[in-house]
Structures are given as C-alpha cells and as structure tokens.
Amino acid sequence: MKTSAFHLATLREVPADAEVVSHQLMLRTGMIRKLTSGIYTWTPLGLKVLRRVEQVVREEMDASGCLELLMPSVQPSELWKETDRWDTFGPLLLKMTDRAGREYAFGPTHEEVITEFARAELRSYKQLPICFYQVQTKFRDEIRPRFGVMRAREFLMKDGYSFHMDEADLDAFYQVMYRTYSRIFERLGLTFKAVTADSGNIGGATSHEFHVLADSGEDVIAHVEGGAYAANVERAEALCDDQRAAPSEELRIVDTPNARTIDDLVEQFEVPIEKTVKTLVVEAAEDQDFDLVALLVRGDHELNAVKAEKLPQVASPLVMADEAAIRSAIGAGPGSLGPVGLPIPVVADRTVAAMSDFSAGANEDGKHHFGINWQRDVALPDVADLRNVRAGDPAPDGSGTLSLIRGIEVGHIFQLGTKYSEAMNAVVMDENGRGQHPWMGCYGIGVSRIVAAAIEQNHDDRGIIWPEPLAPFTVAILPLNHQKSARVKEFADALYQALTSAGVEVLMDDRPLRPGVMFGDVELLGIPHTLVIGDKGLDAGIVEYRRRGGEGGEVKLDEVEAFALKLAGKG
RNA sequence: CGGGGUGUAGCGCAGCCUGGUAGCGCAACUGCUUUGGGAGCAGUAGGUCGCAGGUUCGAAUCCUGCCGCCCCGACCA
C-alpha cells in the first residue's frame, strides 16, 4: 500500500476527550473515529488490525473443532423472556420496537439465540459434543462507556457455545477451550494471564478470565509469582489462620469523642490497626425479615463487594446504609459501631472471627470497646470471606504469597451447565432414547477490546509498538526526498514491488513530505520494520533498517530484498 | 441514574465576567524555496459560536429550557 492511495489520517495533537493511551493513540493514528458515545467507526487502518485479531481467533477456534456461524444481532423479546433475562439483564440490554409493536433486543450476548438454534438442530447424542462460534457486533448499553474501544457500547466479540451430554464432557471441552485461548493470546504476541473468575450475570459455576497485563487495566489480579494460583480480586481468597488466641485483656469501654474512623482510633489510642474491627452496615436482601446487616472486617482490610453480595442476607447489588437508617436502627453513627450489643444481624470476615482482644465501636456515639473477645463478650456471628486480598497475603493453595497486578479482561470462558437448555427446554436424546438437557459452555473474546489492550501493553512516547502479528503493515518503506531524487524513487519502487508481490504487507510513504514527518508517522503507527532509502544511503551502498522498539542497522543494497522478506517471514 | 465539567473552523484552544456582529496554533488548499527528525515565505479557503425560546437597538457573550459530549461512582468482552 502506498500512502497516497491509502486513507492515512494521523493527528499530531491529542484529542481532548481521550483519557487512556490506547484511546489517544487509536485516534491519533486514525484507527478509529467516534460516531457518538461508545460507538466508533473502524477506519481502513484500524480494521486491518481488527481483522488480524479475528483471523488468529478463527484459526485457533477452527483448529479446536469449533464451527463458525453467524447469528442475528436483533433478537426477539420472546427468547429473552424464556430465560427471564428480558427483565433481569438490566439496563445494558438495548430494547427496541418494530412497526407492529413487537419488541426486540440488540444482542449483548447470544445464549438465547444459540439455545434456540440448538433445540431446533440438535436431536441426538450422536451430534454432540459440538461447539458453534461467531464473530459479531454486540451492543451493551453501558452506563458509562469510556476509554474508547476498551469499554464501548458497540463492540466486536467472538462468542462460542458448546453442547455436551454430561458434565464430564463439558469439563473436558472447557479444558480444550482454555488451551485454545492461551494459544490465541500467545499467537497475538500479548502478555496475558488466565485467572479464576466470578461468572457475573451470565451464570454458571466454573469460569476463567483471560487478562492482558497492563498497568492501566481496570481489573486487579491476585497471583503467586511463578505459582499456579491466579484469581480476579473480586473472588481471590487468602489463606486464613483460624486459630484464635485466648483472651488476655478485659473488655472495657472508652470515651473516644474524636475517633470517627479507624485511622483516628489507631492514632489517638495507639492500638495496632490489626487489633481493630470496622463495622459496615449494608441493606439486607429483600426476602430477609430485617432491613440492615452489619459486616465486620479488620480495620486495615477492605470489604469485597462481590463477595458481600453473594451472602443470602445481603442485597445485591450492594448498598451501603445511609446514616439516618443506621441511627434509627442502632442509635449510634457509623463511626461508633461494633459487634458488642449490635441489634442487627452480623456477618464477620474470617479474619475477624480469628481475632482476640480487639477494639471496635460501642454502638454509642463517642465510645469504643477495647479488649473485645468472641464468645466471652459477644457470640461469634456468621462467618464468611468478606475482604479483598492484599499483596503479601498467603495464597489459598499454600503456593506462596499473593501479589497484585492489573489486567484488561479480553476473554472469559464459562461452564454454563444446563441453565439455558433447561430454561428454554433444549433436549437431545441419549443412548437410551431419553431426552436430556445438554450441558453448555460459553466462551467469549473481546476482539475489539484486544486491539486497545495490545496498545496499552505495547507503546512508548512516540506511538504504538505493535506485536508483529497485530501490525497493520509489516514493513514500511520511507523513500526520503523521492520527489526530487529519481534514484531513490526508483530503488524504493522496485523494492516495494518485490515485497508486495511476495505477499508482504508494505506501507510505502510516497507523500512529498520531509523526513521528520515520515519518521514520526511510521513510529506513531507502530510498524515493526522500517527501511529508509535516501541519497546518502545509496551513495554508501546501504539502506537503513529500523526496528520499532528495537535495534536497527544497515543493509547492503543488493541484500535488502532478501533481508526484508526474511523479516516478514517470507524468506 | 446521581455528582461535576464542557460545547466557538477538521484537531487543540482564546473570546463570554464588563453585549457592538469571531480570533490564535496545528491541519487543509495554491505557488516558490527547502529536504535524514514534525520547514520557510506569500497567498487561499473553512464557523447555523450545540439547539430552541427570551431580554436588548444589538447576543458567542445575559436569562430559561432542551440536547450532545467528557470526568467521578455501580456493570462488562
């Protein structure tokens, strides 16, 4: 491709509404243009990268025996009502109405459609196992789209769905998909990590997320370096020592008029923070016969909302109680709460349950208890894992200590079980002629998000540094001053012809621009290999080679073609 | 949805407070010069000042309403 025939639309200035570097670079390179909030056009340049991701995904899915199909993005409400998700999926579901008043959703995911397809197509155990996938535009009406294509409302996703006669077969195939996903991210040249995950509202039990590691990632992953354990902090656990020391202090009540927070308490009364307990009051689930629940975590620990929401007593989504509600139920403000004499149900974090001689609010404004001990002073309440793990905590499998890293979720695989096949009554005949609900797995990859994630992981202050498998062009040819120098033009044209006809993706900058502009654009675009052709080099019998993000060199004129073919893997 | 901000040329911004009919940089177009790190000179083109009302002799500027977009919180590939 010659730049004169391409739509190259690079920007020197950073658009004001781009926060993260991938969004900035995608706009500056001209890969995407925003149409409206969370909705983007992929330009010819951006589409080249997107297609590269798709290509790798397709090849690996196909290699694992999956079959590509294409389902509609517009889906009738009836299907969603069968699984109840028409009402429960929430505001992310974009609903619309046709001229006859029929309701539809623009598909945010395709469990309903694939299950409808399966119940019509799959009759016999002989057809199973089978896995269908598609690469398709999804729409989720995100409450707050941001970071460009990273959290867009409209996005491109690969979603796959497998069907099995029993759980063991699903589990075996799930392992195949796990390996397939690992291969995909390896081939894309990305540094990634697979972690055990929360399955969210898709449903199902076992689930793993695949994260591209980047400091700007929205997710936090707890893992053991070099070890086996890795989990999203949403569900990561730490090993908990449940041995409780015997009481050694008397329970006493102390005036603490100026201590409204744990930090105040620690500072003013010289108690170790590990000997304090925070009492957080949240709203109870609707089906409970009480309104509020108190959750206890150690003073230096943080409540994990995902874990808390899973408690049957607690409302989901988690809502912190407001001060007025707390006062009317307990008679004290949020800064003075504690387990002793608390008139509402209590759930303690495992760590808290193992504490002794600790301090907490006395449920009376301006007073705290010190020297609290379970059983002696107050009955041990329900116990659960409620806190976020921290760096340095022991891993639950005993394989070492946890460290925290940030990642961008680009893939998620689930074992759905029979949730959808039962809800929609998909049935296949087993060997005995009996109808069975097939076991399902579901496997997603955020294709468009991967493009942004790859940039987050691979850039410098000059622009993108594409992993070679993702690069829109493999080789750039910069014929300096070609508009004046016939021999530069001639040499460059010949090289361009040779590489192009060998199937190399070449971008030749044939614009009559100054060298600085050409260099700047090639670096911004992140093209892995650049060949600089100029009069100076031709005089010296060489072409300059530059490797984006690496070491360059000089190549003799008569070796340039072979050199470039080798770089592009066509040698 | 709650809180905050913002809307002026393709992009980045000034002008608004204190009303007088719109400007700067980059990008674009033409010509000449320049040519190994984002050139110089000369010229050209481009704006319903988000939309609708209102106040006023006169509104980008003041008032009211609406809309878009961005940021902070809950969701997710």
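Just so we're on the same page: letters track the sequence lines, and every chain starts at 1.
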What one-letter contact string describes nucleotides 39-47 of chain B from 5' to 3', where B marks a base within less than 4.0 Å of any protein heavy atom, S marks contact via sugar-phosphate atoms alone, and - marks no contact?
-> B--------
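- Using a 4.0 Å heavy-atom cutoff across all strands shown, G411(A) reaches sugar-phosphate atoms only and no base atom.
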For the pair L386(A) and L311(A), evaluate side-chain contact (heavy atoms from CB on, under 4.5 Å) and give the outcome as yes or no after the intermediate values.
-> CA-CA 9 Å; L386(A) 288 180; L311(A) 296 173; 3.6 Å; yes
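- Rounded to an integer number of Å, the gap from CG of L92(A) to P of C75(B) is 10 Å.
- When Watson-Crick and G-U wobble pairs are counted only if both distances are under 3.5 Å, A39(B) pairs with U33(B).
- Residue contacts for R153(A): at a heavy-atom cut-off of 4.0 Å it reaches no nucleic acid atom on any strand shown.
- Contact annotation: side chain of R449(A) to base of C76(B), donor-acceptor pair present below 3.5 Å.
- A42(B) and U34(B) have their C1' atoms separated by 15 Å, with the value rounded to a whole Å.
- Taking atom CD of E142(A) as the reference point, atom P of C70(B) lies 13 Å away to the nearest angstrom.
- Rounded to an integer number of Å, the gap from CD1 of I413(A) to P of C76(B) is 17 Å.
- Both thresholds, 5.5 Å between centres and 30° between ring planes, are not jointly met by F519(A) relative to the base of G38(B), so the two rings are not stacked.
- Taking 4.0 angstrom as the limit, R146(A) places a side-chain polar atom (N or O) nearer than this to OP1 or OP2 of C72(B).
- Going from the P atom of A59(B) to that of C17(B) covers 14 Å, rounded to whole Å.
- Sorted by first and then second residue, the ring-ring contact (aromatic ring centres under 6.0 Å, His included) pairs involving residues 507-539 of chain A (not counting sequence neighbours) are H529(A)-Y545(A).
- Along RNA chain B, the nucleotide closest to R28(A) and the one closest to F147(A) are compared, and the more 5′ of them pairs with R28(A).
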Begin with the C-alpha distance, continue with both residues' side-chain angles, and end with the deciding distance and a verdict on side-chain hydrogen bond (donor to acceptor under 3.5 Å, both in side chains) for H301(A) and K278(A).
-> CA-CA 8 Å; H301(A) 285 164; K278(A) 270 193 286 207; over 6 Å; no
Step by step, would you call F89(A) with T109(A) a side-chain contact (heavy atoms from CB on, under 4.5 Å)?
-> CA-CA 11 Å; F89(A) 202 87; T109(A) 179; 4.2 Å; yes
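- Side-chain contact, Y420(A) with T83(A): no donor N or O sits under 3.5 Å from an acceptor N or O.
- Using a 4.0 Å cut-off on heavy atoms, the residues of residues 33-56 of chain A that approach RNA chain B are K34(A), T36(A), S37(A), listed by number.
- What you find for P467(A) and N458(A) is that their closest heavy atoms are CG-ND2, 3.7 Å.
- For RNA chain B, none of the residues of residues 548-558 of chain A falls under the heavy-atom distance limit of 4.0 Å.
- With a cut-off of 3.5 Å on both pairing distances, the Watson-Crick or G-U wobble partner of G23(B) is C13(B).
- Residues meeting the ring pair (Phe, Tyr, Trp, His ring centres under 6.0 Å) test with F491(A), sequence neighbours left out: none.
- Under the salt bridge (Lys or Arg N to Asp or Glu O under 4.0 Å) criterion, E154(A) pairs with no residue, sequence neighbours left out.
- Nucleic acid contact class of D535(A) (heavy atoms, under 4.0 Å, all strands): none.
- Residues forming a ring pair (Phe, Tyr, Trp, His ring centres under 6.0 Å) with Y178(A) (at least two apart in sequence, or on another chain): H208(A), F210(A).
- Between C41(B) and G46(B), the two P atoms lie 23 Å apart (nearest whole Å).
- Evaluation of the side-chain hydrogen bond (donor to acceptor under 3.5 Å, both in side chains) rule for D539(A) yields R487(A) as partners, not counting sequence neighbours.
- The nearest whole Å value for the distance from the CZ atom in R85(A) to the C1' atom in C75(B) is 14 Å.
- A close approach under 4.0 Å does occur between a side-chain nitrogen or oxygen of R144(A) and OP1 or OP2 of C72(B).
- Note on Q483(A): a base of the nucleic acid sits closer than 4.0 angstrom, heavy atoms only.
- Shown here, G47(B) forms no base pair; nothing in the strands shown gives a Watson-Crick or G-U wobble contact with both key distances under 3.5 Å.
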Between E456(A) and L25(A), does a side-chain contact (heavy atoms from CB on, under 4.5 Å) hold up when you go through it step by step?
-> CA-CA 9 Å; E456(A) 289 293 332; L25(A) 289 174; over 6 Å; no
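- With sequence neighbours excluded, the residues forming a salt bridge (Lys or Arg N to Asp or Glu O under 4.0 Å) with E68(A) are R58(A), listed by chain and number.
- Contacts of E523(A) with the nucleic acid, taken as non-hydrogen atoms under 4.0 Å apart, include base atoms.
- In this structure, the CG atom of L480(A) is 14 Å from the C1' atom of G38(B), given to the nearest Å.
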Test side-chain contact (heavy atoms from CB on, under 4.5 Å) on Q288(A) and V293(A) and set out the steps.
-> CA-CA 10 Å; Q288(A) 302 293 309; V293(A) 181; over 6 Å; no
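- Looking at heavy-atom distances under 4.0 Å, G537(A) makes contact with a base.
- Under the rule for a salt bridge (Lys or Arg N to Asp or Glu O under 4.0 Å), the partners of E103(A) that lie at least two apart in sequence or sit in another chain are K81(A).
- Residues satisfying the ring pair (Phe, Tyr, Trp, His ring centres under 6.0 Å) test with F192(A), not counting sequence neighbours, are F185(A).
- Nucleic acid contact class of A152(A) (heavy atoms, under 4.0 Å, all strands): base.
- Using N1 to N3 plus N6-O4 or O6-N4 for Watson-Crick, or N1-O2 and O6-N3 for G-U wobble, each under 3.5 Å, A59(B) pairs with nothing.
- The same atom, C1', is picked in G12(B) and in U55(B); the two are 34 Å apart, to the nearest Å.
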Taking it one step at a time, do Q134(A) and D159(A) satisfy side-chain hydrogen bond (donor to acceptor under 3.5 Å, both in side chains)?
-> CA-CA 6 Å; Q134(A) 63 176 346; D159(A) 50 326; 3.1 Å; yes
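- A residue-by-residue look at L513(A) and I143(A) shows that L513(A) has its nearest nucleotide of RNA chain B further toward the 5' end.
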Restricting to nitrogen or oxygen on both sides, can you table the protein-nucleotides 11-16 of chain B pairs closer than 3.5 Å?
| unit_1 | atom_1 | unit_2 | atom_2 | d |
| --- | --- | --- | --- | --- |
| C11(B) | O2 | E13(A) | OE1 | 3.3 |
| G12(B) | OP1 | A16(A) | N | 2.8 |

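- Taking the side chain of H412(A) as heavy atoms from C-beta on, and the options C75(B), C72(B), A77(B), the nearest nucleotide is A77(B).
- One interatomic measurement links the two molecules: CD of E218(A) to P of A74(B), which rounds to 11 Å at whole-angstrom precision.
- Only the C1' atoms considered, A27(B) is 7 Å distant from G10(B), to the nearest whole Å.
- Residue R85(A) holds its CZ atom at 14.5 Å from OG of S77(A), rounded to the nearest 0.5 Å.
- As rounded to whole Å, 11 Å separates atom P of C29(B) from atom CZ of R511(A).
- Of the nucleotides present, G73(B) is the one that pairs with C1(B) by Watson-Crick or G-U wobble criteria, both distances under 3.5 Å.
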